[in-house]
Asker: 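Got a structure for you, questions after.
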Amino acid sequence: MADTTGNTQGTEAPHDPRPRKASWKYIGPGIVVAATGVGAGDLVATLIAGSNFGYTLLWAAVVGCLVKISLAEAAGRWHLSTGRTLFDGWASLGRWTTYFFAVYVVVWGFVYGAAAMSSSALPLQALFPDVMDLKWWAIASGLVGLVFVWFNKYAVFEKVMTVLVGVMFLVTVYLAIRVTPNLPDVFAGLLPVLPDEKDSVLNTLGLIGGVGGTITLAAYGYWVNAKGWTDTGWMKVMRLDNRVAYATTGVFVVAMLFVGAELLHSANIAIASGDKGLIQLSDILEREYGTATAKFFLIGFFATSFTSLIGVWHGVSLMFADFVARQRSKAQARAEEVASGERERSWPFRAYLLWLTFPPMILLFEGQPFRLIILYGVLGAAFLPFLAGTLMWLLNSSRTPREWRNGPVSNAMLAAAGLLFLVLCLKQIWDQPWSEFF
């Protein structure tokens with residue numbers, strides 16, 4: 001029976017096997033979380049930051065990566081040090097975590113499914129404009145993602161994600177080199193300076209908070225287990241893997257900030273927020289550098305969007321399957337069950353896959369319902385403060401074996417992350433048109 005009172009009984013792994021050497025050959029879950037966490041929206045936000053402020057906020061993008069490293073490392077450390085899954089840890093904190101997650105995963109999944117399919121469809125329609133309408137490309141993307149995740153286990157999923165990350169990496173680095181960044185300005189941008197304009201603090205915090213990942217940070221621990229890492233012997237490997245994840249994320253966002261600073265800021269060109277901003281960028285690239293560069297960029301745009309789609313289809317479905325298993329049995333949810341592939345074969349995993357794919361197709365035809373979008377925005381903004389706060393609670397309590405509890409640096413990073421995301425959450429709630437909601 002799971003202990004839900006905070007006592008250490010039944011929480012420690014049965015033994016501490018010999019630590020594995022932190023080797024590059026083991027890297028995998030970090031690539032998955034980097035690919036999933038960096039979506040088209042993140043690239044557009046970074047582009048806009050570069051177009052508005054040049055290199056001034058480069059330091060904020062770097063800080064954003066460091067903040068997310070701390071969150072993902074904490075999630076992975078919980079899974080490995082206790083042998084329990086993150087949802088099992090959340091359940092030990094009280095029923096309120098169950099209620100929050102249940103509402104979040106239903107509403108967020110419904111709206112995100114439509115957004116992810118549309119994001120993957122945009123570059124496909126731009127590459128093949130006369131084949132079919134945008135919504136049919138979106139449906140095709142969702143169905144391909146569904147079939148791929150349904151019939152493949154983690155090992156295949158990781159390999160495909162690695163290939164797509166390679167495409168993303170080549171495209172973003174090529175563009176960064178192509179626009180010829182001004183190196184003195186780049187180094188100056190590493191100094192923590194705020195833009196001289198209204199709401200500069202909130203804009204800076206938004207860039208820091210938007211660098212790669214929301215619920216995918218929580219999914220990282222599940223991917224660690226799915227890889228077969230289930231005990232503290234893998235701790236060094238996990239930490240190296242996590243650093244690789246956010247170094248990769250840093251390359252993506254910094255490269256796009258270079259593009260924004262050199263291609264858009266210097267020419268005083270504005271692009272739209274959201275995924276359509278990348279289509280505008282494709283048109284600008286075609287004018288400046290030719291059709292081949294624009295097509296190459298669209299391929300990278302598709303890789304960015306589709307990795308986010310299949311990453312969520314797999315990772316959040318894995319979390320949902322663990323959530324259902326914990327609710328049904330009331331027993332501890334063990335890391336070994338995730339590692340065995342049992343969760344990926346379960347009906348809750350596949351049911352959530354269907355939820356992410358088919359109901360959101362309604363939104364592709366009908367448009368997104370106003371009230372649901374507001375709830376989606378609020379719940380999405382609330383998730384990262386929830387994650388940071390609960391990880392601090394779990395990793396400073398007797399639920400975690402003493403040697404793996406937070407130290408001063410981990411506590412400082414998680415506290416900073418929690419405060420950052422709480423401010424952004426309150427701003428998101430404040431900005432919603434509540435008068436029109438009721």
Side-chain angles (χ1 to χ4, degrees), residues 24-40 42-43 72 112-113 115-124 127-128 137-173 212-213 215-217 219-229 237-238 241-242 244-249 251-252 296-321 338-341 343-346 349-350 352-354 356-357:
W24 290 90
K25 70 181 181 180
Y26 295 125
I27 298 302
I31 296 297
V32 172
V33 77
T36 306
V38 179
D42 299 290
L43 297 186
Y112 180 83
M117 288 187 276
S118 295
S119 182
S120 296
L122 279 169
L124 290 174
L127 284 165
F128 309 104
W137 277 119
I139 289 170
S141 298
L143 292 175
V144 169
L146 170 70
V147 170
F148 172 73
V149 175
W150 188 291
F151 290 106
N152 289 292
K153 297 300 180 279
Y154 175 80
V156 176
F157 165 70
E158 182 189 288
K159 286 182 174 64
V160 171
M161 292 288 271
T162 302
V163 171
L164 292 173
V165 165
V167 174
M168 293 167 61
F169 189 89
L170 287 174
V171 171
T172 54
V173 171
I215 194 172
T216 55
L217 293 165
Y220 178 65
Y222 287 87
W223 285 323
V224 162
N225 289 158
K227 179 75 170 175
W229 306 347
V237 176
M238 181 275 292
D241 179 76
N242 180 44
V244 169
Y246 282 93
T248 305
T249 298
V251 169
F252 294 150
F296 189 48
F297 168 72
L298 288 171
I299 292 169
F301 178 6
F302 173 73
T304 300
S305 298
F306 195 65
T307 51
S308 293
L309 187 152
I310 61 175
V312 166
W313 263 229
H314 186 277
V316 183
S317 296
L318 201 55
M319 292 182 69
F320 183 76
V338 180
S340 70
R343 294 282 186 266
E344 293 169 281
R345 295 188 295 269
S346 67
F349 180 89
R350 290 176 170 172
Y352 195 72
L353 267 179
L354 296 173
L356 282 167
T357 307

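All values reported here derive from a predicted model rather than from experimental measurement.
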Asker: Are the side chains of Phe349 and Arg343 in contact, using a 4.5 Å heavy-atom criterion?
Answerer: no
Asker: If you look at every heavy atom in Met238 and Tyr220, which pair is closest and at what distance?
Answerer: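 The pair with the smallest heavy-atom distance is O-OH, 3.2 Å.
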Asker: Would you check if the side chain of Asn225 reaches a backbone N or O of Tyr222 as a donor-acceptor pair within less than 3.5 Å?
Answerer: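 It does not hold such a pair.
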Asker: Which class fits the ring pair Phe301 and Phe297: parallel under 30°, tilted 30 to 60°, perpendicular over 60°?
Answerer: tilted
Asker: How far apart are the closest heavy atoms of Leu356 and Val312, and which atoms are they?
Answerer: CD1-O, 4.0 Å
Asker: Testing the basics here: between His314 and Glu344, what is the closest heavy-atom pair and its distance to 0.1 Å?
Answerer: NE2-OE2, 2.8 Å
Asker: Would you list the pairs meeting side chain to side chain donor-acceptor pair (under 3.5 Å) in which at least one residue belongs to residues 147-156, sequence neighbours left out?
Answerer: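 Residue pairs with at least one partner in residues 147-156: Tyr154-Glu158.
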Asker: Using modelled atom types only, decide if a donor and an acceptor are shared between the side chain of Thr172 and the backbone of Phe169 within a distance under 3.5 Å.
Answerer: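 It does hold such a pair.
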Asker: Below 3.5 Å, can you tabulate the donor-acceptor pairs from side chains in residues 138-149 to any protein atom, sequence neighbours excluded?
Answerer:
{"unit_1": "Ser141", "atom_1": "OG", "unit_2": "Trp137", "atom_2": "O", "d": "2.9"}

Asker: Tell me the side chain to side chain donor-acceptor pair (under 3.5 Å) pairs involving residues 301-312, sequence neighbours left out?
Answerer: Ser119-Ser305
Asker: Side-chain contact test, heavy atoms from C-beta onward, threshold under 4.5 Å: evaluate it for Asp241 versus Tyr26 and give yes or no.
Answerer: no
Asker: Where is the tightest heavy-atom contact between Ala303 and Val167, given as atom of each residue plus distance?
Answerer: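 Smallest heavy-atom distance, with atoms named: CB-CG1, 4.0 Å.
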Asker: How long is the straight-line distance from CZ of Phe252 back to CG of Asp42, given to the nearest 0.5 Å?
Answerer: 11.0 Å
Asker: Could you measure the distance from the CG atom of Leu309 to the OG1 atom of Thr357? Nearest 0.5 Å is fine.
Answerer: 7.5 Å
Asker: Are any of the side-chain heavy atoms of Thr36 and Trp223 separated by less than 4.5 Å?
Answerer: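 Side chain of Thr36 against side chain of Trp223, heavy atoms only: contact under 4.5 Å found.
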Asker: As an exercise, state the distance from CG of Leu353 to CG of Leu318, rounded to the nearest 0.5 Å.
Answerer: 10.0 Å
Asker: Can you give me the closest heavy-atom contact between Val32 and Met161, atom names plus distance?
Answerer: O-CE, 3.8 Å
Asker: Once you round to the nearest 0.5 Å, how far does OG1 of Thr249 lie from CE of Met168?
Answerer: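 Those atoms lie 8.0 Å apart.
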Asker: State the CG-CG distance between Leu127 and Leu122, to the nearest 0.5 angstrom.
Answerer: 11.0 Å
Asker: Looking at side-chain heavy atoms only, is the closest gap between Tyr352 and Met319 below 4.5 Å?
Answerer: no
Asker: Roughly how far, to the nearest 0.5 Å, is CG of Leu217 from OH of Tyr246?
Answerer: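 Result: 4.0 Å between the selected atoms.
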